[in-house]
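The next block holds one structure in the form of structure tokens; read it before the comments.
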Amino acid sequence: MTPVVRAYEPRDFEPLVALEAQLFGSDAWSPEVCALELHHPFSHYLVLDDGAVVRGYGGLRVPAGAGPGDIQTLAVHPDYRRAGWARRILNELVGHATKRGVPELLLEVRADNPAAQALYDSAGFHEIARRPHYYQPDGVDAMVMRLTLSQGEGVAR
Ligand SMILES: CC(C)(COP(=O)(O)OP(=O)(O)OC[C@H]1O[C@@H](n2cnc3c(N)ncnc32)[C@H](O)[C@@H]1OP(=O)(O)O)[C@@H](O)C(=O)NCCC(=O)NCCS
């Protein structure tokens, strides 16, 4: 089956947690953190579904008030990379935030992750700050990136 991007459903929890551990290693969220994150009332999560199992996912927090939204995570299984799936998930998350009237989106990305930085850069995000030694135990800096949204705006490629 051709993979599809669709909304997260509770049945996706266990495969998503397994993929999180596989893809993020020492930075991986625990199952408890995944549960809090995925079931948070302000969360909006999408999965890449190949018809059998979850092959990628991405999530967003949209605030109740007028503040910025946060891209919480984005990941694609190695077998499915460089096919545009992460960009597709990111586009859908940005579209959701735009429809909800979110003025800007923030995210954090490891300073030693050029693939993710290139993805976010190509989607119009810009670095606005650094958080030194944010990722532990590796001690790697976080780059804070921002995308300003306006109503009806799509994602720059
Ligand atoms: C980063 C990640 C999500 C990209 O997923 P993907 O589905 O392969 O990305 P896409 O195919 O949508 O690529 C979109 C753009 O991102 C950039 N990009 C993606 N992978 C890249 C790589 N390995 N090197 C350089 N640029 C890359 C390119 O600009 C690419 O556009 P192009 O293919 O037209 O050149 C994936 O590599 C991943 O899951 N990595 C591990 C988890 C992670 O680091 N997540 C980010 C946390 S902030």
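Every number for a ligand or one of its atoms is a count from 1 in the order of the listing. Side chains included, hydrogens not; waters and symmetry mates left out as well; all remaining heavy atoms used.
Salt bridge annotation for Arg6-Asp49: present, with a cationic side-chain nitrogen under 4.0 angstrom from a carboxylate oxygen. Taking 4.0 Å as the cut-off between side-chain N and carboxylate O, Glu127 and Arg146 do not count as a salt-bridged pair. A salt bridge does not link Asp141 to Arg110: none of the charged side-chain nitrogens sits closer than 4.0 Å to a carboxylate oxygen.
Taking distance alone, with nitrogen or oxygen atoms compared against 3.5 Å, Tyr80 stays at or beyond that limit from ligand 1. The shortest N or O to N or O distance between Arg82 and ligand 1 is below 3.5 Å. Considering backbone and side-chain atoms alike, Ala83 places an N or O below 3.5 Å from some N or O of ligand 1. On a distance-only criterion, Gly84 and ligand 1 share at least one N/O pair closer than 3.5 Å. Between Leu23 and ligand 1, no pair of N/O atoms sits closer than 3.5 Å.
In this structure Glu108 satisfies the salt bridge (Lys or Arg N to Asp or Glu O under 4.0 Å) test together with Arg131, sequence neighbours excluded. Taking the salt bridge (Lys or Arg N to Asp or Glu O under 4.0 Å) definition, one finds that Arg82 meets it with nothing, sequence neighbours left out.
When only modelled atom types and interatomic distance are considered, Asp50 and Tyr80 share a side-chain donor-acceptor pair under 3.5 Å.
Near Trp85, the atoms of ligand 1 lying under 4.0 angstrom from a non-hydrogen atom of the residue are 7 (O), 12 (O). Residue Leu119 has at least one heavy-atom neighbour below 4.0 Å for each of these atoms of ligand 1: 14 (C), 15 (C), 16 (O), 17 (C).
Of all the heavy atoms of Val76, the ones lying under 4.0 Å from any atom of ligand 1 are found in both the backbone and the side chain. Here Tyr57 has no heavy atoms under 4.0 Å from ligand 1, in either its backbone or its side chain.
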Asp121 vs Leu119, test: side-chain contact (heavy atoms from CB on, under 4.5 Å). Steps then yes/no. CA-CA 5 Å; Asp121 189 59; Leu119 167 65; over 6 Å; no
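The nearest non-hydrogen atom to atom 18 (N) of ligand 1, considering only Gly56, Gly25, Ala75, Ala115, comes from Ala115. Selection from Pro114, Ala123, Ala86 by nearest heavy atom to atom 3 (C) of ligand 1 gives Ala86. Comparing Arg88, Glu108, Arg87, Gln72 against atom 12 (O) of ligand 1, the shortest heavy-atom distance belongs to Arg87.
In this pair, His44 and His96 present their aromatic rings parallel. The plane angle is below 30°, not in the 30 to 60° band.
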